[in-house]
Amino acid sequence: MKKKKRIYEIARELGISSKDLIAKLVEMGMPSLYPANSVGEEEYDLILSLYQDEASDKEERPAPLLPQARKGEPRPPVVAVLGHIDHGKTTLLDAIRRDHVAQGEAGGITQSIGAYQATYNGKTITFIDTPGHKAFTTMRARGARATDIAVLVIAADDGIMMQTIEAIDHIKAAGVPIIVAINKIDKVNANVDRVFTQLVEQKLVPEELGGETIVVSLSALTGKNINDLLEMILLLADMEDLRADPDGPLHAIIIESYLDSSRGPVATAIIKNGTLRERDFIVTGSTCGRVKALIDGRNHRIKAATPGQAVLILGLQHLPTPGMTVEICADQNSAKQLAEKQRDNDRKPRPSREKMSVADLFREAAVKKKIKLILKASSIGALEAAIREIENITVSDVTLEIIHSGVGPITESDILLASSSQDPCLVAGFGSKPDSKVVKSAASHNVSIKSYDIIYDLLDEIEERLTQLVSPESKEIIIGEVIIRDLFHLSIGTIAGCYVTSGKVTRDAHINVIRNGEKLFSGKIASLRRIKEDVAVVQSGRECGIKLEEFDDLQVGDILQVFLTEEVAP
Ligand code: GDP
């Protein structure tokens, strides 16, 4: 029989990424393969000759294809385990810990630091051992991607459940590669085939069915096939070509923190790049300190933590927030200053976010030509109808993408998912209102959240706002400038006490809010007054009161540029 070779192996030989190799092969007319797919000897030779040809005429090429410079050293993958409750996440993490983590001191109780490192075939894998997608998304929400690979656990008897779908949507939104672990195959009512079918429905087509999703069937309880899972994790890590520079700048992410009665604030961080050492001055968010001790997943004190490692940090002054990154500072003073600056930022009063961010959201959507939606409805019927309708609407050339939908109220998890989105994302509820905790969380994450009684209200809003913003193109004609001298915070919003420095302000004009030379907001005037009277125009050299539509976050010293719009053909 002829020898087969996997795509990722060939890519490694050629010193290029699997992705590039596959793209090249598609270009040459081959079907799109997955890195774990294999090709026969003939195809292998063909690929080699193809790249040799390219290498030989590389002088003519500005960017040589071979060899490709690789930055840094390989580092262990950081893996998170997600899935529906009771599907076996904890059991799986415990089993891996029991069999693949070298024991600490005899009799020593290993207290979890929120992550541990397992060894398989001489290679290391870092597992975040707080299961659940909340931690996963919190990290993601702050823009720091702690996790490299997500293991989605699905119990073979239960199949895909509500939280499984939620987890899938979170993982997809974070752009993290997924491995499916079908668990509990030891049970008599295990039905792996059914899970396969459900995975296809979720657009996670298993490799066995010609798709791209790596699936391992295992039993966390008996330990069967857990080794296969570890192997697949390492395989995927290889394909992802995870590298880091231990001598480079520190990039570390806090994944957990708590107050220890004897040790004070302690935090677990995952090191993604660089090295963290004892006695380093560090800052994370609004807290700082000097590293008193570093403790690894086996409860060993270490002098330095390197990429891919999870480590407990002692010595911070306050509890840091999970998801925050850690920075090394030159000395105590600069660490303190950075922390204080962040504290001041945190303290700044937040403007009335709800209205402002929905308006902003659509403005951003119009620019990015994309808007993401998370939909929650009170019944499955309502939800399905909403999805159908939304898939039917087209607004100019803006795409609408539903990244998550479900039955029930808007939850914290929806807010986190929205806040982790790179594109503008609206969380919409139909016939269900979020509770005040969720509303507060949305405000603090600056997430746009809105409840509608009927689907058409949402459709109308999307269509109207985007159409307004996208077409036709308009030109701004500046007619005056105003400076804010005073602010009055009233129940209807903020009124700016202004002085017209040049030109004039008219009631029908639009305003650009300029702060430190930067445009913060653009919108309409809601009211224009002179000495308590509504007026149509205020000339240069006079004072007036201005209230803007949908924007209250004004400051004394802000410049308001007054302009009229003239439509021009796009
Ligand atoms: P989690 O909520 O996802 O962390 O689930 P747990 O790990 O707590 O597991 C829930 C239940 O399923 C526990 O009673 C486990 O003993 C059981 N369980 C987990 N994995 C397996 C398995 O592979 N086979 C069987 N039969 N039971 C399992």
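This structure is a prediction, so every number in the text was calculated from the model and none was measured. Atoms within each ligand, like the ligands themselves, are counted from 1 in listed order.
The ligand atoms of ligand 1 that sit less than 4.0 angstrom from a heavy atom of K187 are 26 (N). Interface atoms of ligand 1 facing H87, defined by a heavy-atom separation under 4.0 Å, are 3 (O), 5 (O). Each of the atoms 6 (P), 7 (O), 9 (O), 15 (C), 19 (C), 20 (N) of ligand 1 lies under 4.0 Å from some heavy atom of T91. Counting the atoms of ligand 1 from 1 in the order shown, those under 4.0 Å from a heavy atom of H84 are 3 (O). For ligand 1, the atoms closer than 4.0 angstrom to any heavy atom of S219 are 22 (C), 23 (O), 24 (N).
Counting heavy atoms closer than 4.0 Å to ligand 1, residue D186 contributes side-chain atoms (C-beta onward) but none from N, CA, C or O. By the criterion of a heavy-atom distance under 4.0 Å, the side chain of N183, and not its backbone, is placed next to ligand 1.
In plain terms, the two heavy atoms of N225 and S217 that are nearest each other are ND2-O, 2.7 Å. Minimum interatomic distance between L294 and R277 (heavy atoms only, all atoms of both residues): CD1-C, 3.8 Å.
The N/O atoms of I85, backbone and side chain alike, include none that comes under 3.5 Å of an N/O atom in ligand 1. Of the N or O atoms in L221, one or more lie within a sub-3.5 Å distance of an N or O in ligand 1. Remark: ligand 1 and D86 share an N or O pair separated by less than 3.5 Å (distance only, no angle test). For A220, a nitrogen or oxygen atom sits less than 3.5 Å from a nitrogen or oxygen atom of ligand 1, counting backbone and side chain alike.
Residues H87 and N183 bring no donor and acceptor atom of their side chains to less than 3.5 Å of each other. When only modelled atom types and interatomic distance are considered, T91 and D94 share no side-chain donor-acceptor pair under 3.5 Å. Residues Q117 and T124 bring no donor and acceptor atom of their side chains to less than 3.5 Å of each other.
Using cut-offs of 30° and 60° for the angle between ring planes, the H100 and Y120 rings count as perpendicular.
For the pair I233 and F127, the minimum side-chain heavy-atom distance is below 4.5 Å.
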